[in-house]
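Order of the sequence lines fixes the chain letters, A, B, ..., with proteins taken first and strands second; residue numbering starts at 1 for each chain.
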Amino acid sequence: MKQTILALFFIACSLALTAQGLQIKGAVTSADDGQPVPGVSVFVKGTTTGTMTDMDGYYSLGNVPVNSTLVFSFVGMKTQEVVVTESTTIDIVMASDVELIDEVVVVGYGTQKKSLVTGAIAKVEGDDLRKAADMRVTQALQGKTAGVVITANSGQPGSQISVRIRGTGTNGDAEPLYIIDGLPMSGAGTDFLNATDIESIEVLKDAASAAIYGARGANGVVLITTKTGKTNTRLSVTYDGYYGVQNPWKKIPLLNSSEYVMMINEAAINAGQSPVFSPSQIESFTADTDWQDEMFSYNAPKQSHSLSFTGGSDKLEYSSSLSYFAQDGIVAKDKSHFDRITYRLNATGTFGFFKLGGNVNLANIQNQGIDPNSHFGLSLDQALNMPPIVPVKFSDGTWGTPESYGLGLQEISNPVALLSYNNSKWRTNKLIGGLFGEVDFGKFSKALEGLTFRSTFGGEYSMVMNDSYTPEYYLDAMHFTTSDRASKSMQLYTRWNFENIFTYSRRIDVHNFTLMAGTTAYKDMYENLSASKADLIFDDFEHSYIDNATDPESVDAGGGYSEHTVASLFARLNYDLMDRYMLTATVRRDGSSRFGDENKYGIFPSASLGWVISREPFMANLNDIINVLKLRASWGQNGSENIGDFGYTSVIGNANIYYFGDSKTQYNGTQPTRIANPSLKWETSEQTNFGLDFGTLNSTLTLTLDYYIKTTKDWLVVAPVPMLVGNSAPYINGGSVRNSGIEAEVSYRRNFGKLYLSASVNGAFNRNEVLDIRNTEKRLQGGDGGFGQSGILYAEVGTPMGVFYGLKTDGIFQNQGEIDAYVNSDGGLIQPSAKPGDIRFVDSDGNGSIDGDADRVTIGSPYPDFTGGFNFTAEMYGFDLNMFIYAALGQEIYDATRRWDMNSANYRADWLDRWTGEGTSNYYPRISNVDANKNMQTVSDFYIHDGSFVRLRNISLGYSLPSAATKFLSINRLRIYVAAENLMTFTKYLGYDPEIGGGVFSNGIDHGIYPQPRTLMTGINVTF
Amino acid sequence: MKKSIIYSSLFLALLMGISACSKDFLELEPKTGQTEANYYKNETEAFLAMTAVYDAYAVQNWVFIPLMADIWSDDAFCGAANINDMSQWHEMEMFSMTPENNSSSDLWNRCYSGIYRANLYLQKQEGVDWKTEGLKDRFEGEVKFLRATFYWDLVRHYGFVPLITEVLPNVEDYKNIPQSTPDEIFTFMAGDLLDALAVLPTDIPSNESGRISRAAVQLLLARVYLYHTGMSAISGMGLTAEQWSDGTTTINKTFVRNALEEIITGQRYILLSDYADIFDWENQNNEESILEIQYSEKAKSGDWGGWNINGNFASLWLGPRNPVGDENAFPGWSIAVPTWDLADAFEAGDPRKYVTIYDADANLTSYTKGFQNTGMFNKKYMASSKYIFQGGDPQHNFPRNFIDMRFAEVLLTAAELWLTDDPGKARDYFNRVRTRSLGEASAKTSITLDDIYNERRVEFAGEGLRKWDLLRRGLDYAAAEINGSFHYPAGVPNPEEFAVRTFDPDSWGMFPIPAGEIRNMNAGVLKQMVPAYL
């Protein structure tokens, strides 16, 4: 598909010809496999006369003067030149270009030859993405490129993922900017994309590459290019489909009924209380419920079917597809799924000097879900905390609850019952499309050759609807309703982006330059409406419409609107001398509605240099050994305006409700919603990058190395102001953070006779360090652990951005003597409330007592030290084996799965190793209903666990029919395969899944995460 | 064709060049909500801005003072599901609050939010186009009264707090405001209360119930006076008895007594003949009530965060867990459960006892027994299933006003103030309250301070006054009463839950300054000043 761009270029050259010279024809085949090569450009050197080979590799070109030179070129192959003599048939065998770097990569507002790229841009081919069966194409990027850390927020179908390019550079929204065929989007907005529609994804990692996106590129930019057709190709129809079943890959060992009863009674007795359960009660317990089994949905199906059409005539190219994707969740049967239907059409026509194109995407998504990682809501955590003595249902058909056993468990109750009351579904309809026109001025005048103008208008119109129905029920004191209720909400997202770009490319002698300048205007709008009403005439979800609700007093409605605009001017110069010395410089000026008059506009410059040493004459005799050697250096600035609208000003809110009068008339009191900060400006990220590309052994072995330092300044942060200010804190530009790291990618690909092997390894180390926090305490804190455990993640100068913060523990007091010996300098007990079996906390500040915050220190980090991926492919006799392993090492997890504040919550089975007397445990404390030592309430490293993992994300074995068979069947290609996702995960972590994504202050906290499923599937790819 | 495309593309480029620079495109005004600069222009907007100050007065935000005060006193145990549930309140009961206690910061937050709204109102009122005669004065009086209540809550919970009297231009300016002495805070409150006293009306029409009246100012003056006088015995507080003043007017015993006399002789308020009627959910804003915090289901609140709860959230907290057998009992959280000490304080036959205390064992066939279960619950305010409404979360939409001030307190406070100077008058006021419930035969011929204290205890039980009465009589007195309340009858299944907690006199009944606030101020600006938290 990379030839498309070149093809477009050469098509433009093959204009009407005058009838003189020879008619030359011939076939182009590949030296590798002898197969015909379609799409090779053939032109007469020094003229615009040219054509392309057809599907079968044939070409025909008239008016070729004798003694002229024909040039055959094709991306990925060595360009050949043949002098035309008398012969009218010229067959060419083209060899692969071992210098693979002549690939074309998409850069912002254009494309560039990879060999000339001076920034750090990673490219992932659409074909690579198709090997993983992810709903979100961005998830398939995991481990594909160094320095891009992708973490699933949960395993729930449709769940968002967190993408961090070169570390977390802000305390706010650290997600990159997505540009899908030119239209800016958020990561959440990429859910309409079907993986088989993707041509390529480019990740702009360094600032110089991303600087062209100015105020929005600080967290990196992900450019997604969808497939287009090809001119002069016949219609090709492809079907890709798979079907699989998903299962949880881990069940957590929990206490069974008898163990539970024993432990709960023990905790009471240890607190000096009488046992919770009497012997006669214990005898009456018949249930031993496995709540995990009740919550899990085994053999949940996942399937995808897509049908795509591509092709083109000499003037028109098109690509269209229809897809269906459906995935059921492995938790909460029937209440967790994601179904999507997409349709897309992409067409471009060339009419002489004018090119017109457009694309339309339609998507319909239906999904349902539960709380993926919550210890309060309806989540898997319920199963971990539910007492096993409670049956799902009693023999009379009523639900079993903790309350029916006299156990107070607050938010924890029968999850099966809660699921049955939970009726909520989301429906999303998206229309995303655009139109562009491009004028090639070179077609009018030789003097204007190389000058093009392109105008693109793109937009999105998405409607998200949520319907829910809550029946009238009473489960227990915390879970009940007094009437049934229908609720509906509608959210309308509208955005448009209008860009106009001039590009001027010129080669003068050995000087090659491209100038690009343009403008964009962008606007997004959000509008919502929600309503609910109680007391329905029908009592089911199917009839959950507001009009069926009868209680006029119960109406609840709301709605609002917000909008955001960005206007920009930008320019870029690409220059190279003899394809050896490269310079790129960009500048962008952005204006955003999100900032006040003082700082409405920001200017973002960048510059980068490259030197292809291997093309130097002095390297010529080393070229057999060193095929490619290139050095790159870049510097640039980017911004981020990822804050809400009107952050600089204060809007009057009217939620300060009070009542006056005997009839209690409601008045909506008003006050500013926050303190204003009119001088608010962008966050600025400044990054320096040094890179090296190296290729040897006929370029079968390539290495890319990058080193970067990225400093984000002027974070947009809601600075914690003293509460005595009396209103919500303003956004301020409050700090800076530095990410520095090394990224390496090594790949090896080679044919050994019939065996083709390809392996690549990428890995990255990132170091994240906060340089400044502009609040008084020089600290940011947030993140909830277990109940009442707040501020477990913090950042201060010198630490990474959000590390776990709590007390250090030093084992368990084995006896009273140890408690008495743990004294401060005055001889006073450091932990006077401790009893044998309690945790010994470290008095980190040495003040002689354990006093909450003062003794808290860094106890772990949710950020991996190292992330990497290993990709392996082997092909032989039509068989192909693909394997992809992802590793994230060195991060920690805060295990907040057990509701410590609820004495009767169930325990994980490893708690059976608790302290029960001297020498029984030096890790698990004694269990007690009265925890005067605050073993459990204290945020400490007791809750911190090693979260490193290595995961076999994907493995597949496929077989492609040999060409003899496909010819017989009149098809182009047929491949069948079996595959497994998440087949194996190696981790020491005891919880469901070590992969727990999230924001700066929710990262790595396990509240009973919805795990990634293990999927076994089988699929077929067929092209007609 | 060619030309038209070239021209139109050039035109487009030009157009975009202009629009990219165009300020109009980038200057958006919010479509939902006005900006601060365009607001505070007319009387309606001024009224709504004042309403926001009332909202801060009413908000419970997980720190409803009457409940916390009762737990701190000898009238209630903390209760809850278990000792880890609402641990910040268990710490209160165990006199082991630390600066990290959530309630300490939540209460601080609530008070200063109210002060901000009041200060903002007082600044913005100057720009309002006032049309109605006297309206500005009245609004200003109400706002100042409310600002005084926020400082009242601050000074009695923290002692030494920063005094903020205006909205400052830059948030950084707040970070250097040092703590004022209690005396300075009381002086400032006196100014606000005397200003309010000068302008607020004696009569509040029924369509304005909930607004501040002159009597409310007078009774608050009396409350603050009693506390100020009592706490002046603590040398570290730095207060001098009978020296509470705004700088010109001294609010001494005579001043307060006169103020209360005005209420009593004004006869706008009466004692309802049946004590139970005061707390009847159908009889709110009644003739005995001077000031009620207005709660309603109408806002259909559904936010558990606290600030947006507009019903009486405390009602949910007070009720028994999972009650079965009483159709009016609504499942609650069993918090601030009455002590046996309180139950024993009622004389035999006092009808107030079972208006105050809900006897779960007598009324219910079963319920889940929480921590420190005494089988008793605060009947005056606990949630009732009769008042469940649709919309929002029914659990925080109880339309039960909280009676902040009622006429009986005027009488008993006046009785206390006259006790030495006119014992007869004191006795008569005392007997008016006592005989209403216990009958004419119960009238006493002479009374002592202890009599008044006992009467106040049973009359106002569950209304959050007891803690302050204990403290103002002296820390030793408070300690004896509080420590003595940790007793339980024989046969209680979990006696260890009622183990004696020892009142820390060094706490002065106060909270530590929240640690987060100390961190967010400039280093060293805020300090713990109350001896227990040094």
Where does [X] contact chain B at under 4.5 Å (heavy atoms): side chain, backbone, both or neither?
X: Ser592(A); value: backbone
X: Ile657(A); value: both
X: Gln671(A); value: both
X: Arg485(A); value: side chain
X: Ala271(A); value: backbone

Partner of Asn656(A) under side chain to side chain contact (heavy atoms under 4.5 Å, CB included), picked from Asn310(B), Val59(B), Asp55(B), Val53(B), is Asp55(B)
Side chains of [X] and [Y]: closer than 4.5 Å at any heavy-atom pair?
X: Tyr40(B); Y: Ile652(A); result: yes
X: Thr565(A); Y: Glu27(B); result: no
X: Gln410(A); Y: Asp85(B); result: yes
X: Val651(A); Y: Gln34(B); result: no
X: Phe660(A); Y: Phe47(B); result: yes

Can a salt bridge be assigned to the pair Glu208(B) and Lys664(A) using a cut-off of 4.0 Å between side-chain N and carboxylate O?
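No, no charged N to carboxylate O under 4.0 Å.
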Kindly determine whether Val725(A) and Tyr116(B) satisfy side-chain contact (heavy atoms from CB on, under 4.5 Å), including the steps that lead there.
CA-CA 7 Å; Val725(A) 171; Tyr116(B) 162 80; 5.5 Å; no
Shortest non-hydrogen contact from [X] toward [Y]:
X: Thr670(A); Y: Ala49(B); result: OG1-N, 3.4 Å
X: Gly661(A); Y: Gln294(B); result: O-OE1, 4.2 Å
X: Ser554(A); Y: Lys300(B); result: C-NZ, 4.0 Å
X: Tyr112(B); Y: Met723(A); result: CB-O, 3.7 Å
X: Gln395(B); Y: Met478(A); result: NE2-O, 4.4 Å

Let me see the working for Phe330(B) and Phe480(A) under ring pair (Phe, Tyr, Trp, His ring centres under 6.0 Å), right down to the final yes or no.
CA-CA 11 Å; Phe330(B) 185 88; Phe480(A) 63 91; 5.4 Å; yes
Pairing donors with acceptors under 3.5 angstrom, does anything connect the side chains of Gln273(A) and Asn494(B)?
no
So which part of Ser301(B) gets closer than 4.5 Å to some heavy atom of chain A, the side chain, the backbone, both or neither?
neither
Would you mind checking which part of Tyr54(B) comes under 4.5 Å of any heavy atom in chain A, side chain (CB onward), backbone (N, CA, C, O), both or neither?
both
Surrounding CD of Glu496(B) (heavy atoms of other residues, nucleotides or ligands, distance under 6.0 Å), is the total greater than 12?
yes
Counting heavy-atom pairs closer than 4.5 Å to chain A, which one of Gly210(B), Ser385(B), Ala52(B) comes out on top?
Ala52(B)
Would you mind telling me which of Cys111(B), Gly114(B), Ser296(B) has the largest number of heavy-atom pairs within less than 4.5 Å of chain A?
Ser296(B)
Can you check side-chain contact (heavy atoms from CB on, under 4.5 Å) on Glu403(A) and Thr368(B), steps first, answer last?
CA-CA 8 Å; Glu403(A) 195 176 87; Thr368(B) 303; 4.0 Å; yes
